[in-house]
Trainee: 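Before I ask anything, let me first share the structure, which is written out below as structure tokens.
Position 1 is the first residue of the sequence, and the numbers go up from there. Below, all heavy atoms of this structure are taken into account, side chains as well, without hydrogens, waters or symmetry copies.
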Amino acid sequence: MTMDSAAVEIDGSVMEGGGQILRVSAALSCITGSPIKITKIRAGRTTPGLRPQHLSGLQLVSDLCSGSLQGASIGSTDISLTPGKIQSGNHTADTETAGSVCLLLQVALPCAVYADASSQLCLKGGTNAEMAPQIDYTVKVFKPIVEKFGVHFDCDIRMRGYYPKGGGEVMVTVNPVKELQPVIMTERGNITKIHGRAFVAGVLPFKLAKDMSAAAVRTIRKEIKELYINIQPLQEKEKACGNGNGIIIIAESSTGCVFAGSALGKKGVYADKIGIEAAEMLLRNIRHNGCVDEFLQDQLIIFMALAKGTSRIRTGAVTLHTQTAIHIAEKMTQAKFTITKCEDELSSNVTYIIECQGSGVPNPNL
């Protein structure tokens, strides 16, 4: 790519208008070698512009692709990234807050897959943070499904970190891939297994974990009678920084689909309520009979866009996050997406098939 090729201009305020636009466009810039210029970043948010987490994510991508990044400072609403060659090896990113390590991984993982050798990413911040997947979600739900595309990574949780300080650390090793495979997930099958973890860390009493777990099991039982539900209550000791509590519940289906419901404790909120919230989220994501939950949906778009061939994924209602990811993916690659409504005679719920003719971007570094 020559430096003078025109940058792809991206309006950071469109659709979902948040950090996701940055993550998808920065990763695709890095992989395709197209420079980008993003304006009006998070324009509609109460604190517009880049937050520490977005900034560390962009710096990580720039570092991964030996790129040049302009305008990258807290509160900045315009940035430009001119990518170079993707570098394997060791990379570190630290939000220095409880900013989510999982969102750092979201932006870095696709890039690292296109390196010439394996990469080690040391990501620091919050492992179980609001408004982001919990690290347990990334490992138990996201990981087995992206493996179907040919993406392989290992995640070692060195330290868990909670709001407001963060202090968590995960080491992720990513293997490069020659090209990504398309994925078809259209048959959900039956739910065969429900398991999870309810945790307390720091000064919080173990009873909270037991209460969250019990309330979650009770809630799921009302709807799913026949399955054994195992939600381990856990007291996190040495590998946790700060105080926190939360729960994640995972359901697996006979065809290899994985769904989750999760919630984090907040000051003044009863533990039962946290358990019930997670259980209801899980049930809502199982009811529609699709093959992915509402949080995995948008995270798969970039891999569908890069894969060689046609991917088809059956989902519940298509989220604004997903529509936003599709918008950016179509703008930055040759991928073509279509969304079709499925009339399912078995279920009153509407499902959708997200189909993508992938752009088949090969890894030039392998």
Side-chain angles (χ1 to χ4, degrees), residues 102 127-130 132-148 155 157 160 183 185-201 206-236 244-265 269-300 313-317 319 344 346-349 351:
C102 303
T127 54
N128 299 73
E130 284 291 350
Q134 293 191 40
I135 190 67
D136 311 274
Y137 183 94
T138 300
V139 173
K140 293 280 191 336
V141 181
F142 173 75
K143 185 175 186 286
I145 306 303
V146 287
E147 282 176 353
K148 295 175 190 278
C155 183
I157 305 168
R160 287 177 178 266
V183 167
M185 292 176 75
T186 52
E187 297 301 322
R188 202 216 38 204
N190 304 318
I191 299 297
T192 52
K193 199 171 163 192
I194 296 179
H195 54 98
R197 72 192 300 269
F199 67 88
V200 291
F206 184 53
K207 182 183 183 321
L208 291 183
K210 292 196 283 198
D211 289 352
M212 287 186 292
S213 167
V217 172
R218 273 198 312 274
T219 307
I220 297 168
R221 273 271 168 270
K222 288 181 192 156
E223 204 157 313
I224 299 173
K225 310 252 191 302
E226 65 287 356
L227 283 181
Y228 170 64
I229 303 167
N230 178 17
I231 303 171
Q232 287 293 158
L234 294 162
Q235 174 103 49
E236 289 173 0
N245 68 305
I247 180 170
I248 176 161
I249 318 160
I250 290 155
E252 298 177 26
S253 89
S254 53
T255 58
C257 304
V258 196
F259 308 87
S262 63
L264 289 168
V269 179
Y270 283 115
D272 294 37
K273 201 166 171 213
I274 307 297
I276 292 167
E277 185 188 330
E280 285 179 341
M281 184 188 290
L282 177 69
L283 290 169
R284 187 171 75 238
N285 277 299
I286 293 175
R287 268 182 216 124
H288 58 58
N289 218 18
C291 295
V292 297
D293 66 27
E294 62 197 300
F295 307 103
L296 192 58
Q297 205 186 84
D298 63 278
Q299 293 182 61
L300 298 181
I313 294 182
R314 186 173 187 163
T315 72
T319 66
D344 184 352
L346 297 171
S347 137
S348 55
N349 299 306
T351 56

Trainee: Side chains of K143 and I145: does their closest heavy-atom pair fall under 4.5 Å?
Mentor: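 The answer is no, as the side chains (C-beta and beyond) never meet within the 4.5 Å cut-off.
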Trainee: Looking at every non-hydrogen atom in both residues, tell me the closest pair between A216 and A279 and how far apart they are.
Mentor: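 Of all heavy-atom pairs spanning A216 and A279, the closest is O-CB, 3.7 Å.
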Trainee: Nearest 0.5 Å, what's the CD-OG1 distance between Q297 and T315?
Mentor: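 Nearest 0.5 Å value for the CD-OG1 distance: 4.5 Å.
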Trainee: Can you list, pair by pair, the side-chain donor-acceptor contacts under 3.5 Å of residues 245-258, counting residues two or more places apart and other chains?
Mentor:
from, atom 1, to, atom 2, distance (Å)
E252, OE2, H195, NE2, 2.7
S253, OG, R188, O, 2.7
S253, OG, T255, N, 3.2
S253, OG, T255, OG1, 3.1
S253, OG, C257, N, 3.2
S254, OG, N190, N, 2.9
T255, OG1, E187, O, 2.8
T255, OG1, R188, O, 2.8

Trainee: Hey, could you give me the CE/OG distance between M281 and S262, rounded to the nearest 0.5 Å?
Mentor: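 Nearest 0.5 Å value for the CE-OG distance: 5.0 Å.
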Trainee: Minimum heavy-atom separation for I274 and G265, please, with both atom names.
Mentor: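 Heavy-atom minimum between the residues: CD1-CA, 3.7 Å.
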Trainee: Hey, what do you get for NE2 (H288) to CG (L283), rounding to the nearest 0.5 Å?
Mentor: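 If I round to the nearest 0.5 Å, the distance is 11.5 Å.
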Trainee: To the closest 0.5 Å, what do you measure between CD1 (I135) and CZ (F142)?
Mentor: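 Here the interatomic distance stands at 10.5 Å.
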Trainee: Out of the candidates R287, R218, R284, only one should pair with E223 under the salt bridge (Lys or Arg N to Asp or Glu O under 4.0 Å) rule; please name it.
Mentor: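 Considering R287, R218, R284, a salt bridge (Lys or Arg N to Asp or Glu O under 4.0 Å) with E223 is found only for R287.
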Trainee: Take M212 and R197, measure what side chain to side chain contact (heavy atoms under 4.5 Å, CB included) needs, and give me the verdict at the end.
Mentor: CA-CA 10 Å; M212 287 186 292; R197 72 192 300 269; over 6 Å; no
Trainee: If I take atom CD1 from residue I229 and atom CD1 from residue I224, how far apart are they, to the nearest 0.5 angstrom?
Mentor: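 CD1 of I224 is found 6.5 Å from CD1 of I229.
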Trainee: For Y270, does the OH atom sit with more than 12 other heavy atoms under 6.0 Å from it, leaving out its own atoms?
Mentor: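 12 or below, so no.
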Trainee: How would you list, by chain and number, every residue that makes a side-chain hydrogen bond (donor to acceptor under 3.5 Å, both in side chains) with K148, sequence neighbours excluded?
Mentor: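 K148 satisfies side-chain hydrogen bond (donor to acceptor under 3.5 Å, both in side chains) with no other residue.
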Trainee: Who are the side-chain hydrogen bond (donor to acceptor under 3.5 Å, both in side chains) partners of D136, not counting sequence neighbours?
Mentor: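 D136 satisfies side-chain hydrogen bond (donor to acceptor under 3.5 Å, both in side chains) with N128, R160 only.
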Trainee: Ion pair present between E280 and K273, side-chain N to carboxylate O less than 4.0 angstrom?
Mentor: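 Between K273 and E280 there is no salt bridge, as every charged N stays at least 4.0 Å from the carboxylate O atoms.
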Trainee: Measure across A129 and L264 and return the closest heavy-atom pair with its distance rounded to 0.1 Å.
Mentor: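 Smallest heavy-atom distance, with atoms named: C-CD1, 3.4 Å.
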Trainee: Donor-acceptor pair, Y137 side chain versus L296 backbone, under 3.5 Å?
Mentor: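 Yes, because the side chain of Y137 sits within donor-acceptor range (under 3.5 Å) of the backbone of L296.
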Trainee: Would V217 and I194 count as a side chain to side chain contact (heavy atoms under 4.5 Å, CB included) if you check the C-alpha gap in whole Å, the side-chain angles of each, and the deciding distance to 0.1 Å?
Mentor: CA-CA 10 Å; V217 172; I194 296 179; over 6 Å; no
Trainee: Counting N and O atoms only, with roles assigned by atom type, does the side chain of N285 sit under 3.5 Å from a partner on the main chain of E294, one being a donor and the other an acceptor?
Mentor: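 Pair found, side chain donor or acceptor close to backbone of E294.
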Trainee: Measuring from atom OG1 of T138 to atom CD1 of I157, what distance do you get when rounded to the nearest 0.5 angstrom?
Mentor: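 Result: 9.0 Å between the selected atoms.
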Trainee: Measure from the side-chain N and O atoms of S213 to the backbone N and O of A209, and report whether any donor-acceptor pair falls under 3.5 Å.
Mentor: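 It does not hold such a pair.
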Trainee: Do you know the tightest heavy-atom contact between I231 and A198?
Mentor: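 Distance-wise, the nearest heavy atoms are CG2-N, 4.0 Å.
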Trainee: Restricting to non-hydrogen atoms, name the atom on L300 and the atom on I313 that form the minimum distance, rounded to 0.1 Å.
Mentor: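 Taking every non-hydrogen atom into account, CD1-CD1, 3.7 Å.
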Trainee: For a 4.5 angstrom cut-off between non-hydrogen side-chain atoms, does V200 reach L234?
Mentor: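 Not in contact.
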